[in-house]
Amino acid sequence: MTHAPHRIVVTRRIAEPALALLREVGQVDLPQPDRGLTEAELHEVVAGADALVSTLQDRIDTRVVEAAGPGLRVIATVAVGYDNIDVDAVTGRDVLVTNTPGVLTDATADLTLGLLLAVTRRIGEGERLVREQRPWEFSLDFMLGAGLQGRTFGVVGLGQIGRAAARRAKAFGMEIAYTGRRRAAEEVEAELGARFLPMTELLGSADVVSLHCPLTPQTRHLIDADALAAMKPGAFLLNTTRGAVGDEGALAGALSDGVIAGAGLDVFEEEPHVHPGLLELDNVVLTPHLGSATVETRTEMALLAARNVAAVLTGEPALTPVRTKVAS
Ligand code: DGY
């Protein structure tokens, strides 16, 4: 008796080598390559799927599992963050969730430092000035920014990306401090010369606060108006994790009132919407969720997701499961 080929639904276009790999293990269905799927479309197209390759725009909960039916075995998100997935509920239905840690660490850390340089050295502001052909001339006090050397780079969440960003900040001559749920291993602290501080002390002493923790119920709006008020007046905030770790409205207010000096934001609470207050400010650099957006990294992310799918569908353990499967 021959079995029907595995059906693999892919919600948005992913790198071709990953699609090729998926085609080796099943029949790939990519219904809307150019815009992705709406929630209703996802529920419709997932019916009968054995595997789903999704992205951070897809809301994945038990409705997706129910719409798929009993054959669904794995949901592979092409992202390291998985706050869009109700992991407990999905794994409770015996469907494995995988993500793509590691392969995007360097790209995201690079962008973090890009934002740091852009906001402290006023690169966005200067670029706008030149492009708009506003009058300017070199002078010794023209568009002065803030130097980094000897300043403290405060990491919230010293995971892989936080560590990679800290390594880069250290190379720029910065001191490293960090906070998080737990202390890092001794060798990590030693490599970075990193000091562990409670959150309030980190906020009060860091010249740059860089957010690298995942978005969870505990970290939602972690950087609210009170946290911003607790930061040093000349400090900068960087966010390359998830917009909702900060409170965009409070941040717009704090930036416009000079509570902090500036911010570099790659992520927003309701993407692609950006709080209008932020759009008016010169002391914030805004990029459209580009942390992992290099050709190499996006290819590696898609390949890792595809390898996870291939492993599960061929009875092998997943490479990067978010959580060990809950037994049914
Ligand atoms: C992630 O992977 O979570 C990023 O936000 C997108 O690459």
Side-chain angles (χ1 to χ4, degrees), residues 10-19 35-37 52-61 74-87 90 96-116 155-165 168 180 210-223 237-246 248 263-274 285-309 318-323:
V10 182
T11 64
R12 279 172 170 78
R13 188 190 294 283
I14 58 173
E16 193 50 47
L19 285 173
R35 65 162 169 83
L37 299 174
L52 177 65
V53 177
S54 61
T55 74
L56 53 84
Q57 291 115 309
D58 303 311
R59 170 119 300 280
I60 306 289
D61 51 25
V74 57
I75 298 174
T77 183
V78 189
V80 67
Y82 48 86
D83 48 280
N84 58 313
I85 303 177
D86 186 344
V87 176
V90 170
L96 198 68
V97 176
T98 67
N99 67 340
T100 62
V103 292
L104 46 70
T105 299
D106 285 326
T108 309
D110 288 348
L111 191 93
T112 306
L113 269 286
L115 288 176
L116 174 61
V155 180
V156 178
L158 198 66
Q160 291 194 60
I161 298 172
R163 291 202 294 276
R168 286 157 172 75
S210 193
L211 305 178
H212 298 286
C213 55
L215 175 62
T216 64
Q218 292 72 37
T219 62
R220 182 172 290 277
H221 283 191
L222 183 69
I223 305 300
L237 179 73
L238 305 176
N239 191 356
T240 52
T241 175
R242 288 289 181 269
V245 174
E248 241 166 73
L265 308 176
D266 185 46
V267 286
F268 304 93
E269 284 194 63
E270 299 291 341
E271 295 179 4
H273 175 79
V274 177
V285 176
L286 307 166
T287 51
H289 206 142
L290 297 179
S292 63
T294 69
V295 174
E296 297 84 351
T297 300
R298 288 284 165 82
T299 303
E300 286 306 319
M301 289 166 71
L303 276 171
L304 181 51
R307 287 186 187 120
N308 275 311
V309 167
L319 285 82
T320 50
V322 162
R323 196 165 302 161

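Note that this is a predicted model, so its numbers are computed, not measured. Note that ligands are numbered from 1 as they come in the structure, with each ligand's atoms numbered from 1 the same way. Every heavy atom of this structure was used, including side-chain atoms; hydrogens, water molecules and symmetry mates were not.
- Close contacts between ligand 1 and His289 involve ligand atoms 4 (C), 5 (O), 6 (C) [criterion: under 4.0 Å to a heavy atom].
- Closest protein heavy atom to atom 2 (O) of ligand 1: Val80 N, 2.7 Å.
- With ligand atoms numbered from 1 in the order given, ligand 1 contributes 2 (O), 7 (O) to contacts under 4.0 Å with heavy atoms of Leu104.
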_Criterion side chain to side chain contact (heavy atoms under 4.5 Å, CB included) on Leu116 and Leu113, from CA distance to verdict_ = CA-CA 5 Å; Leu116 174 61; Leu113 269 286; 3.8 Å; yes

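- More than 12 heavy atoms of other residues, nucleotides or ligands sit less than 6.0 Å from atom CZ of Arg12.
- A donor-acceptor pair shorter than 3.5 Å cannot be found between the side chains of Thr297 and Ser292.
- Remark: Glu270 CD is loosely packed, at most 12 non-hydrogen atoms of other residues, nucleotides or ligands lying under 6.0 Å away.
- Evaluated by nearest non-hydrogen atom to atom 7 (O) of ligand 1, the leading choice among Gly81, Ser292, Ala293, Gly291 is Ser292.
- Taking every heavy atom of Ala79 and a limit of under 4.0 angstrom, the matching atoms of ligand 1 come to 1 (C), 2 (O), 3 (O).
- Listed here is the closest heavy atom pair of Leu96 and Ala318: CD2-CB, 3.5 Å.
- At a heavy-atom cutoff of 4.0 Å, ligand 1 is contacted by no atom of Val267, backbone or side chain.
- Within the listing of ligand 1, atoms 5 (O), 6 (C) sit less than 4.0 angstrom from a heavy atom of Leu56.
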*Would you please test Glu300 and Leu304 for side chain to side chain contact (heavy atoms under 4.5 Å, CB included) and show each step?*
CA-CA 6 Å; Glu300 286 306 319; Leu304 181 51; over 6 Å; no

*asked:* Walk me through whether Ile60 and Tyr82 qualify under side chain to side chain contact (heavy atoms under 4.5 Å, CB included).
replied: CA-CA 9 Å; Ile60 306 289; Tyr82 48 86; over 6 Å; no

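- Polar contact with ligand 1: absent for Thr241 (N/O pair, distance under 3.5 Å).
- Considering backbone and side-chain atoms together, Arg242 places an N or O closer than 3.5 Å to an N or O of ligand 1.
- Interface atoms of ligand 1 facing Met301, defined by a heavy-atom separation under 4.0 Å, are 2 (O), 7 (O).
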